[in-house]
Amino acid sequence: MSVECFPITVLPHLSQIYRDYLTMAESAGDALVRRWYGAEPFAGRWLGKAAPVEHAGRLADLLESQAVDFDASDAAKANIAKLRAGARAVVTGQQVVLFGGPLLTLLKAATAVARAKEATKATGVEHVPVFWLATEDHDLAEVDQVSLLTKTSVETLRAGLKVPHAVPVGGVVPGPELETVLEQASELMEFAPVSEWLRECYLPKDVAQPTLALAFGRLMARIFAEQGLVVMDAASREFHALGARTLRYAIEHADELQKALIVRGEQLVRAGYHAQVLVSEGGSMLFLLDEATGERVALRRTPSSDGDAQWKAGGRVYSSADLIAILEAAPERLSPNALLRPVFQDTLLPTAAYVGGPAEIAYFAQSAVLYEAILGRIAPVLPRLSATLLEPAIAAVMDKDEVQLPDAMTMAEELAQRLGARAMPIEAKRKLAAVGNAMETELAALTEYLAGMDASLGRAAEVSASKMRYQMDRLRRMAATFELQKEASLRKHAEAITLHVFPGGHPQERVVAGVWFMAKYGDGLVERLVGVAGNQCPGHVVVRL
């Protein structure tokens with residue numbers, strides 16, 4: 001297995017703030033990004049910043065109870081014991097997507113394992129990897145899918161799960177429709193051993209049908225059993241009670257927190273960025289579960305005549321005192337939004353660092369406001385391993401056609417055109433280049449001359465020159481297409497490469513299921529990814545399997 005490190009800019013659609021975050025060490029000392037994130041993500045500058053928690057014993061009790069439900073390995077149980085004794089946590093997390101979701105789920109967990117090893121070795125203090133299950137989100141359609149590869153396409157499977165209300169997805173119990181999806185997935189993975197893992201986690205025999213959260217947690221615990229990954233679902237009453245002080249602060253100081261977030265959003269815009277989470281007057285960072293339906297509803301605030309804000313959710317009105325009473329009696333009914341969730345997480349855990357993807361890290365610039373107000377510190381955030389896994393057959397085709405990763409980050413037709421252009425005889429390339437260069441030189445001279453005579457003539461010359469360039473490009477494409485027709489294999493190569501590297505116009509890690517790769521390369525793939533994550537490429541890695 002070989003590894004190549006490319007600049008992160010090979011990936012499309014990354015926010016500018018994420019790019020600047022990755023190059024923080026090269027920025028000026030007073031750069032805004034440096035102030036917003038607190039610690040540079042590389043060279044170990046985040047080490048030693050973890051804060052212990054006073055409730056380590058209670059936390060460990062809850063994790064040990066869940067470890068039984070998740071069928072956790074002895075290594076994971078040993079790591080929970082380390083947390084009880086004062087170990088720090090390197091945390092990551094993901095929504096409970098069907099069958100583990102895209103490859104990036106495995107990349108996140110592998111990075112947390114690698115960083116925990118690094119921190120333990122560097123500081124002499126035990127650090128353990130923790131995987132936080134995002135079970136309280138209520139977008140069921142987003143998690144009810146998994147994408148696998150066939151020889152010619154991406155096959156997205158959906159169970160078609162339905163609920164009467166927007167309830168937290170973690171508690172959803174799939175019905176018999178899951179059997180069909182599991183059979184389809186197993187067939188696409190050629191009934192590899194991981195297919196049986198999926199069946200045991202999602203459709204166990206002689207046991208009650210598990211929720212999406214329980215099935216996902218069992219799968220992650222199984223995949224990372226040797227690495228001792230601690231899987232955690234904090235949606236329960238007990239966990240919410242443990243982190244109640246952050247939820248209480250969000251109620252009692254809602255106005256000042258909201259104003260601080262609005263100011264931070266304005267700072268982001270002035271600096272040329274944009275806020276990942278839109279914040280406006282009257283909003284809040286909290287959701288409330290409806291007592292009757294279980295629906296998760298956003299809480300909004302409105303001013304009141306006596307100075308105490310009123311809160312609205314699902315057509316009902318609450319005072320701050322009402323919400324505090326709910327928090328004390330049934331804390332699981334209150335849950336944080338995307339900006340408050342990391343703070344709630346780090347109220348529970350002795351977090352040394354959080355491992356996130358580009359979007360998560362982008363909104364940490366906003367969450368920093370809440371960290372400072374509620375916890376008095378900013379938790380370091382580290383980038384997850386970003387990787388494209390190249391199968392031997394695809395790597396061989398790319399080598400044969402001299403295609404590098406940046407070339408492959410495109411659609412099949414565009415790559416095919418490039419391959420056709422490369423396949424043209426040298427003489428044809430020379431003639432096209434010579435004509436193109438001569439045309440550019442003469443057009444530039446003519447346009448300048450006519451513009452000197454009259455401005456309107458100059459503009460007309462620019463329009464005509466643009467049309468000539470278009471026709472010249474069209475001639476180049478026609479010549480490349482002719483070569484593609486002569487060598488039909490080139491188009492097939494382009495289709496195969498882009499299907500595996502850039503399926504549907506998206507990076508592989510965001511589309512193809514992690515279990516698809518495990519089906520082909522076994523559970524040893526996980527330790528490989530942990531090793532690659534330990535190398536700390538600051539960009540995007542190509543891993544040749």
Side-chain angles (χ1 to χ4, degrees), residues 1-23 41 92-95 97-111 142-143 145-150 152-156 276 355-363 382-391 393-395 397-398 403-416 418 493-518 520-521 525 528-529 532-533 535-545:
M1 181 186 70
S2 63
V3 175
E4 304 164 78
C5 182
F6 287 87
I8 197 65
T9 49
V10 300
L11 297 181
H13 313 309
L14 292 177
S15 65
Q16 187 59 49
I17 195 168
Y18 180 67
R19 297 183 187 190
D20 290 349
Y21 153 83
L22 289 178
T23 58
T92 191
Q94 183 64 19
Q95 291 173 301
V97 188
L98 196 64
F99 302 160
L103 175 62
L104 64 85
T105 303
L106 301 189
L107 300 181
K108 280 184 170 183
T111 307
E142 193 170 326
V143 302
Q145 57 182 296
V146 65
S147 295
L148 305 166
L149 290 182
T150 71
T152 58
S153 66
V154 176
E155 188 80 19
T156 298
Q276 297 295 299
V355 173
E360 291 174 292
I361 289 173
Y363 68 64
L382 309 177
R384 67 161 169 82
L385 169 64
S386 180
T388 295
L389 307 188
L390 281 189
E391 296 188 76
I394 298 301
V397 171
M398 291 177 68
V403 175
Q404 294 291 314
L405 180 71
D407 303 322
M409 290 287 187
T410 186
M411 304 308 288
E413 182 58 33
E414 184 175 341
L415 179 57
R418 293 181 192 172
H493 290 181
E495 291 170 351
I497 291 169
T498 54
L499 173 64
H500 285 77
V501 173
F502 203 59
H506 302 283
Q508 174 200 85
E509 62 184 13
R510 301 179 197 169
V511 177
V512 184
V515 291
W516 187 86
F517 291 99
M518 292 194 65
K520 303 201 73 173
Y521 298 98
L525 176 66
R528 291 185 184 184
L529 295 178
V532 174
N535 292 332
Q536 296 198 47
C537 165
H540 184 81
V541 176
V542 171
V543 181
R544 290 175 176 250
L545 299 172

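- Under the 3.5 Å distance criterion, the side-chain polar atoms of S153 are left unmatched by any main-chain donor or acceptor of E155.
- Considering only heavy atoms from C-beta on, Y521 stays 4.5 Å or farther from L389 through its side chain.
- Closest heavy-atom contact between G100 and T105: O-OG1, 3.0 Å.
- Taking all atoms of both residues into account, the shortest heavy-atom contact from V146 to A513 is CG2-CB, 3.5 Å.
- Between the side chain of Q508 and the backbone N or O of H500, at least one donor-acceptor pair lies under 3.5 Å.
- C537 places none of its side-chain heavy atoms less than 4.5 Å from the side chain of S386.
- Side-chain contact check for L529 versus L107: some heavy-atom pair is nearer than 4.5 Å.
- With a 4.5 Å cut-off on side-chain heavy atoms, L382 and T111 do not count as touching.
- Of all non-hydrogen atoms in R510 and L11, the two that sit nearest each other are NH2-CD1, 4.3 Å.
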Walk me through whether V154 and L149 qualify under side chain to side chain contact (heavy atoms under 4.5 Å, CB included). CA-CA 5 Å; V154 176; L149 290 182; 3.7 Å; yes
Please determine whether side chain to side chain contact (heavy atoms under 4.5 Å, CB included) holds for the pair L390 and V501, giving the CA-CA distance in whole Å, both sets of side-chain angles, and the decisive distance to 0.1 Å. CA-CA 8 Å; L390 281 189; V501 173; 3.8 Å; yes
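- Side-chain contact between L525 and L545: present, with at least one pair of heavy atoms (C-beta onward) separated by less than 4.5 Å.
- The line from CD of Q404 to CE of M398 is 7.0 Å long, rounded to the nearest 0.5 Å.
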Side chain to side chain contact (heavy atoms under 4.5 Å, CB included) between F99 and L148, intermediate numbers included: CA-CA 11 Å; F99 302 160; L148 305 166; over 6 Å; no
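- Taking CG of L14 as the start and OH of Y21 as the end, the distance is 13.0 Å to the nearest 0.5 Å.
- Counting only residues at least two apart or in different chains, side chain to side chain donor-acceptor pair (under 3.5 Å) contacts with residues 3-14 comprise E4-R544.
- Side-chain contact between E360 and R384 is absent, with no heavy-atom pair separated by less than 4.5 Å.
- Using a 4.5 Å heavy-atom threshold, the side chains of V403 and R418 count as separate.
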Could you please spell out the steps behind the side chain to side chain contact (heavy atoms under 4.5 Å, CB included) verdict for L415 and I497? CA-CA 9 Å; L415 179 57; I497 291 169; 4.0 Å; yes
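- Rounded to the nearest 0.5 angstrom, I394 CD1 and T498 OG1 are separated by 9.0 Å.
- With contacts defined as side-chain heavy-atom distances shorter than 4.5 Å, the pair T388/L103 does not qualify.
- In terms of heavy-atom proximity, G357 sits nearest to K108 at N-CE, 4.1 Å.
- Legend: residues meeting salt bridge (charged side-chain N to carboxylate O under 4.0 Å, His left out) with E142, ordered by chain and number and at least two apart, are absent.
- Here the closest non-hydrogen pair linking I361 and G356 is CD1-O, 3.4 Å.
- How far CG of D407 is from CE of M409: 11.0 Å, rounded to the nearest 0.5 Å.
- For the side-chain hydrogen bond (donor to acceptor under 3.5 Å, both in side chains) test, no residue two or more places apart in sequence or in another chain qualifies with E495.
- Annotation for F6 and P406: closest pair CE2-CD, 3.6 Å, computed over non-hydrogen atoms.
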